[in-house]
Number of protein chains: 2
Amino acid sequence: MMFSKACEYGIRAAVYVTLQSLEGRRVSVGEIGEEIDAPVAFTAKILQQLTRNNIIHSVKGLHGGFEIERVDMDNVKLNMIVKAIDGDKIYTGCGLGLKECNAQKPCPLHDKFLDIRTDLRNMLESTSLFELANGLEVGLTYLKR
Amino acid sequence: MMFSKACEYGIRAAVYVTLQSLEGRRVSVGEIGEEIDAPVAFTAKILQQLTRNNIIHSVKGLHGGFEIERVDMDNVKLNMIVKAIDGDKIYTGCGLGLKECNAQKPCPLHDKFLDIRTDLRNMLESTSLFELANGLEVGLTYLKR
DNA sequence: ATAAATTAGGATAAAATTGTCCTTTATTGG
DNA sequence: CCAATAAAGGACAATTTTATCCTAATTTAT
Ligand code: FES
Ligand code: FES
């Protein structure tokens, strides 16, 4: 609705990896797909993007899998994931579909749209994976239903 | 980025029709496509949806075209157009892609997402076509670039 | 009546996104 | 070294969204 499916999966996956890394567990693509209720092979592609962008870390081979370091749980904010997967159209795009958002030659919705986008941006830039994993840990929130 | 392409075209088209109806001019699909820089045949489909939803009015035949009545310029709010074209997933969807947004079993982003969505909703429900056409009329805003 | 203009609507086509499958590469344990 | 395990990556398939084209229906002017 706001993010692509790939991005939604990406965030859910990253949060799940965070949750498990907090317990010291490395997780496989299969487990991730299962636990966030996403197609495994597709999720694998997205995890590749996240590792290439140094958002999570992958280890090949026996006992391998995905993990995230404790510092990164705080340092990685949602906007980094969104940017890695959906690019920055969420920041540069125009709400009414003009080539780019441009205050010099704004679309009729520009001002109102900018307000909301700024809030969205602030939200994404300030929420960390750790924060999101916390609610999960205490059973307040869910990654699938 | 937030609305489908169809919805973006739909809003731009409706605003253009509003602008021209203010001058008493009925406009053709061809002119609309031209003036909002959108594919004509595709725009035609979208205009059909808008007329079926009584958002704008169409007249067939020679000197026909699209128009919108003065009262509707005030009564039609953006949320009606978005709903007609994109449905209500913008209201009911979950930011992280769970089946539906559900406060009983919320995703980790639910609270923060709801704040932003509420603002978006309020914005859409309170801005009318007339308001948007006004900025255009005085040359402050643009429907194409 | 007829011709011209204009929307309505159906059938496709093209492009983008989402999803699957299979092979390769790296790592570990025996 | 060898077998087993797991991510990386390439090729392809399905679905959805976007876009085009053609015909039908409606209205107006002559
Ligand atoms: S120009 Fe359209 S949102 Fe800024
Ligand atoms: S449950 Fe995800 S946004 Fe409400």
Side-chain angles (χ1 to χ4, degrees), chain A residues 1-14 16-17 20-21 25-34 36-68 82 84-87 89 93 96-97, chain B residues 1-14 16-17 20 25-34 36-68 82 84-87 89-90 93 96-97:
Chain A
M1 179 232 117
M2 200 147 197
F3 308 127
S4 69
K5 227 83 184 84
C7 193
E8 292 174 351
Y9 295 152
I11 296 175
R12 302 221 300 272
Y16 183 72
V17 171
Q20 294 305 315
S21 284
R25 298 188 59 233
R26 221 173 247 169
V27 285
S28 70
V29 187
E31 176 178 341
I32 296 172
E34 177 71 25
I36 69 173
D37 193 24
V40 172
F42 191 47
T43 303
K45 302 293 190 195
I46 298 161
L47 287 164
Q48 282 179 38
Q49 295 187 68
L50 295 182
T51 48
R52 278 195 224 103
N53 283 272
N54 295 307
I55 288 168
I56 59 180
H57 185 223
S58 80
V59 180
K60 279 184 177 178
L62 194 56
H63 302 146
F66 295 89
E67 64 192 0
I68 176 168
V82 173
I85 299 176
D86 282 349
K89 60 180 180 298
L96 290 192
Chain B
M1 179 233 120
M2 201 146 196
F3 309 126
S4 69
K5 227 88 182 81
C7 193
E8 292 173 353
Y9 295 153
I11 297 174
R12 302 221 301 272
Y16 182 70
V17 171
Q20 294 305 315
R25 297 188 60 233
R26 218 174 248 167
V27 284
S28 71
V29 186
E31 176 178 340
I32 296 172
E34 177 69 25
I36 70 173
D37 194 24
V40 173
F42 190 48
T43 303
K45 302 292 190 196
I46 298 161
L47 288 166
Q48 282 179 39
Q49 296 187 69
L50 295 183
T51 47
R52 279 195 223 105
N53 283 272
N54 294 307
I55 288 167
I56 58 179
H57 185 222
S58 80
V59 179
K60 280 183 175 179
L62 194 55
H63 302 146
F66 295 89
E67 64 191 0
I68 177 168
V82 173
I85 299 176
D86 281 350
K89 60 180 182 300
I90 199 170
L96 289 191

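In what follows, chains are A, B, ... by sequence order, proteins preceding strands, each numbered from 1.
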Would you indicate whether the side-chain heavy atoms of A:I85 and A:L50 approach each other to under 4.5 Å?
yes

Does the side chain of B:I32 come within less than 4.5 Å of B:V40's, by heavy atoms?
no

For A:K5 against B:G97, the heavy-atom pair lying closest together:
NZ-O, 4.1 Å

Once you apply a heavy-atom cut-off of 4.0 Å, does A:V40 come out as touching a base, just sugar-phosphate, or nothing?
nothing

Name the residue closer to the 5' end of DNA chain C, choosing between A:T43 and A:L62 according to the nucleotide with the nearest heavy atom.
A:T43

Can you tell me if the side-chain N/O atoms of B:Q48 get under 4.0 Å from OP1 or OP2 in C:dT7?
no

Report yes if at least one side-chain N or O of B:T51 is closer than 4.0 Å to OP1 or OP2 of C:dA8; otherwise report no.
yes

Measure CZ/B:R26 against C1'/C:dA5 and give the value in whole Å, please.
13 Å

Tell me, do B:I55 and B:T51 make a side-chain contact under 4.5 Å, heavy atoms counted?
no

Looking across every strand, which nucleic acid part, if any, lies under 4.0 Å from B:G61 by heavy atom: base, sugar-phosphate, or nothing?
base

Starting the side chain at C-beta, find the nucleotide from C:dG10, C:dG29, C:dA5 nearest to B:K45.
C:dG10

Rounding to a whole Å, what distance do you find between A:I85:CD1 and C:dT17:P?
14 Å

Rounded interatomic separation in angstrom, taking CD from B:E34 and P from C:dT6:
15 Å

Scan B:G65 against the nucleic acid and name what it touches under 4.0 Å (heavy atoms): base, sugar-phosphate only, or nothing.
sugar-phosphate

d(A:S28 OG, A:H63 NE2) to nearest 0.5 Å is 12.0 Å

Is there a side-chain contact between B:F66 and B:Q20, using heavy atoms and a 4.5 Å cut-off?
no

Separation of C:dA16 atom C1' from A:K89 atom NZ, nearest Å, is 11 Å

Can you check the A:H57 NE2 to C:dT27 C1' distance for me, whole Å?
13 Å

Positions of residues 3-14 of chain B (non-hydrogen atom under 4.0 Å from DNA chain C), listed by number
none

So where does chain B start and stop touching DNA chain D, 5' to 3', when the test is distance under 4.0 Å to a non-hydrogen atom?
D:dT18 to D:dA29

Between B:V59 and A:K60, which residue's closest nucleotide on DNA chain C lies nearer the 5′ terminus?
B:V59

To the nearest 0.5 Å, atom CG of B:D37 lies from atom OH of B:Y9 at 8.0 Å

Please report, rounded to the nearest Å, how far the P atom of C:dT7 is from the CD1 atom of B:I46.
15 Å

Between B:H63 (NE2) and C:dA3 (C1'), how many Å, whole number?
14 Å

Answer whether the closest heavy-atom distance between the side chains of B:R26 and B:V59 falls below 4.5 Å.
yes

Considering all heavy atoms, the nearest A:A13-A:I36 contact
N-CD1, 3.8 Å

Between C:dA11 (P) and B:F42 (CZ): distance, integer Å:
18 Å

Please report the shortest heavy-atom distance between A:F3 and A:D86, naming the atom on each side.
CA-OD2, 3.7 Å

